[in-house]
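Here the structure comes first, spelled out in structure tokens, and everything after it is commentary.
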Amino acid sequence: MIFVFDLDGTISFDGKSISLELLESLTELSLKNQLIFASARPIRDMLPLLSAFPKELLIGGNGSIVRNKQQQIEIVQPISAHDFLLIKKIITDQDLDYLVDSDWNYALLNRNEERAQINDKVDQCHLAKNISLSEIDRAIKCNLLNPQSEIILHELKKLNLEIVRHEEAKSIDLTAKGVNKYTTLRQYFPKEEYIAFGNDDNDVQLLRHAELSIAVGSNQALDFADIHLNEKEILRYLEKIK
């Protein structure tokens with residue numbers, strides 16, 4: 001069976017690590033099953049958490065980038081140059097903070113870490129460079145931090161984008177239209193059944209199409225999931241199914 005795991009809030013709860021107990025359960029599960037990890041993080045920021053799984057398919061950037069089975073990093077689909085230009089105009093006009101990822105480097109401006117709580121999750125191993133927004137040639141994913149106005153969302157909806165609004169984090173994720181964790185999974189596994197674990201709005205499509213869906217936490221967007229677990233229960237569940 002194929003098991004697909006989100007990272008933050010699903011199997012990592014501090015943004016920096018996966019517990020040793022969970023890693024051991026996941027490793028045992030991988031002996032007889034295929035594991036896939038799918039995250040809002042780019043591949044660069046998934047690697048520090050998943051060094052124990054060097055050959056598994058990694059789906060990053062909400063489906064916009066992958067590490068394939070040959071351990072090569074591939075962009076699935078970037079945001080169009082036209083839309084990225086307009087996103088940058090919105091950022092400037094509204095004086096927004098942001099995290100914009102290219103295939104490896106990134107542009108980060110965060111003036112309210114107490115609210116965004118993102119800085120220590122970005123490039124933990126110092127593998128890339130924080131470059132200026134103008135130096136990003138191809139954006140795979142944009143995260144607008146702390147957008148205050150509904151006008152921003154209204155303007156974004158005019159563009160050809162996939163939009164995920166995170167109410168608790170007060171942020172908005174943007175990828176190219178039609179690019180999400182589920183659509184990218186289907187590029188590699190067109191018809192196979194799978195079991196999915198997730199916790200956030202960006203996991204909705206992944207869980208909706210799963211043979212069995214497991215929601216971790218209390219996000220109402222995932223009320224439809226087959227099974228609901230809290231942070232403490234997921235380890236016991238993995239121990240039971242492995």
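Side-chain atoms are counted along with the backbone in the values below, which use heavy atoms only and exclude waters and symmetry mates. Residues take their numbers from the sequence shown, with the count starting at 1.
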Criterion side chain to side chain donor-acceptor pair (under 3.5 Å) against His166, the qualifying member of Asn143, Asp200, Asp201
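It is Asp200; the other options fail the test.
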
Counting only heavy atoms not in Arg138, do more than 12 fall under 6.0 Å of its CZ?
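Not buried by this count: 12 neighbours or fewer within 6.0 Å.
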
Does CD1 in Ile75 sit with more than 12 non-hydrogen atoms of other residues, nucleotides or ligands closer than 6.0 Å?
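For Ile75, atom CD1 is crowded (more than 12 foreign heavy atoms under 6.0 Å).
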
Tell me, do [X] and [Y] make a side-chain contact under 4.5 Å, heavy atoms counted?
X      : Y      : result
Leu153 : Ile172 : yes
His82  : Asn160 : no
Arg111 : Asp95  : yes
Val100 : Tyr106 : no
Leu7   : Leu50  : yes
Leu145 : Leu96  : no
Leu133 : Ile91  : yes
Ile227 : Tyr237 : yes

Where the side chain of [X] meets the backbone of [Y], is there a donor-acceptor pair that is under 3.5 Å apart?
X      : Y      : result
Thr184 : Gly63  : yes
Trp104 : Lys129 : no
Ser12  : Asp8   : no
Ser102 : Ala139 : no
Arg208 : Ser213 : no
Lys141 : Gly61  : no
Asn105 : Ala128 : no
Glu233 : Asn230 : yes

For [X] versus [Y], what's the shortest heavy-atom pair and its separation?
X      : Y      : result
Leu57  : Arg67  : CD1-O, 3.3 Å
Cys142 : Ile79  : SG-CD1, 3.8 Å
Ile2   : Glu193 : CB-O, 3.9 Å
Tyr98  : Ala107 : CD1-O, 3.5 Å
Pro78  : Ala176 : O-CB, 3.5 Å
Ile43  : Gly60  : CD1-N, 3.8 Å

Any pair with a residue in residues 47-63 that passes side chain to side chain donor-acceptor pair (under 3.5 Å), sequence neighbours left out, goes on the list, sorted by first then second residue, please.
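Counting only pairs at least two positions apart or across chains, the side chain to side chain donor-acceptor pair (under 3.5 Å) contacts touching residues 47-63 are Asn62-Asp173, Asn62-Asn202.
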
Connected via hydrophobic side-chain network under 4.5 Å: [X] and [Y]:
X      : Y      : answer
Leu47  : Leu108 : no
Phe224 : Leu229 : no
Leu235 : Leu35  : yes
Leu109 : Leu86  : yes
Leu206 : Ile195 : no

Output, in order, the C-alpha distance, side-chain angles, deciding distance and verdict of side-chain contact (heavy atoms from CB on, under 4.5 Å) for Glu74 and Ile65.
CA-CA 6 Å; Glu74 301 175 332; Ile65 192 168; over 6 Å; no

Go through the steps for Thr175 and Ile140 under the test side-chain contact (heavy atoms from CB on, under 4.5 Å), then give the verdict.
CA-CA 6 Å; Thr175 53; Ile140 61 164; over 6 Å; no

Can Ser25 and Glu239 be said to form a side chain to side chain donor-acceptor pair (under 3.5 Å), step by step?
CA-CA 6 Å; Ser25 287; Glu239 290 291 326; 2.4 Å; yes

Working note: Gln124 + Lys16, criterion side-chain contact (heavy atoms from CB on, under 4.5 Å); need CA distance, chi angles, decisive distance, verdict.
CA-CA 8 Å; Gln124 289 175 277; Lys16 301 176 184 179; 3.5 Å; yes

Rounded distance [0.5 Å steps], [atom1] in [X] versus [atom2] in [Y]:
X      : Y      : atom1 : atom2 : result
Leu99  : Asp45  : CG    : CG    : 7.5 Å
Leu144 : Leu156 : CG    : CG    : 6.0 Å
Asp83  : Leu85  : CG    : CG    : 9.5 Å
Leu161 : Leu174 : CG    : CG    : 5.5 Å
Leu49  : Lys121 : CG    : NZ    : 10.0 Å
Asp6   : Ile36  : CG    : CD1   : 13.5 Å

side-chain contact (heavy atoms from CB on, under 4.5 Å) evaluation trace for Lys181 with Leu185:
CA-CA 6 Å; Lys181 296 178 183 182; Leu185 174 68; over 6 Å; no

Would you mind checking if Arg41 and Asp101 are paired as a salt bridge, meaning a charged N to carboxylate O distance below 4.0 Å?
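Looking at Asp101 and Arg41, the cut-off is not met.
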
Should the pair Arg165-Glu150 be classified as a salt bridge under the 4.0 Å nitrogen-to-oxygen rule?
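Glu150 and Arg165: salt-bridged.
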
Let me see the working for Ser132 and Glu135 under side chain to side chain donor-acceptor pair (under 3.5 Å), right down to the final yes or no.
CA-CA 5 Å; Ser132 69; Glu135 293 180 271; 3.0 Å; yes

cation_pi(Lys88, Phe84) dist<6.0 Å, angle<=45
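Yes, a cation-pi geometry.
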
Stepwise side chain to side chain donor-acceptor pair (under 3.5 Å) check, Asn180 with Gln205
CA-CA 8 Å; Asn180 58 57; Gln205 294 304 314; 5.6 Å; no

According to the interplanar angle, ranging from 0 to 90°, do the rings of Phe5 and Phe197 count as parallel (below 30°), tilted (30 to 60°) or perpendicular (above 60°)?
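Ring orientation of Phe5 relative to Phe197: parallel.
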
Run the ring pair (Phe, Tyr, Trp, His ring centres under 6.0 Å) test against Tyr182 and tell me which residues pass, sequence neighbours left out.
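Partners of Tyr182 under the ring pair (Phe, Tyr, Trp, His ring centres under 6.0 Å) test: His209.
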
Passes ring-ring contact (aromatic ring centres under 6.0 Å, His included), Tyr194 versus Phe189? Steps please.
CA-CA 9 Å; Tyr194 65 93; Phe189 297 93; 9.2 Å; no

Please determine whether side chain to side chain donor-acceptor pair (under 3.5 Å) holds for the pair Ser30 and Asn33, giving the CA-CA distance in whole Å, both sets of side-chain angles, and the decisive distance to 0.1 Å.
CA-CA 5 Å; Ser30 71; Asn33 302 277; over 6 Å; no

Ignoring hydrogens and angles, state whether a donor on the side chain of Asn219 or Asn199 is under 3.5 Å from an acceptor on the partner side chain.
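No, no side-chain donor-acceptor contact under 3.5 Å.
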
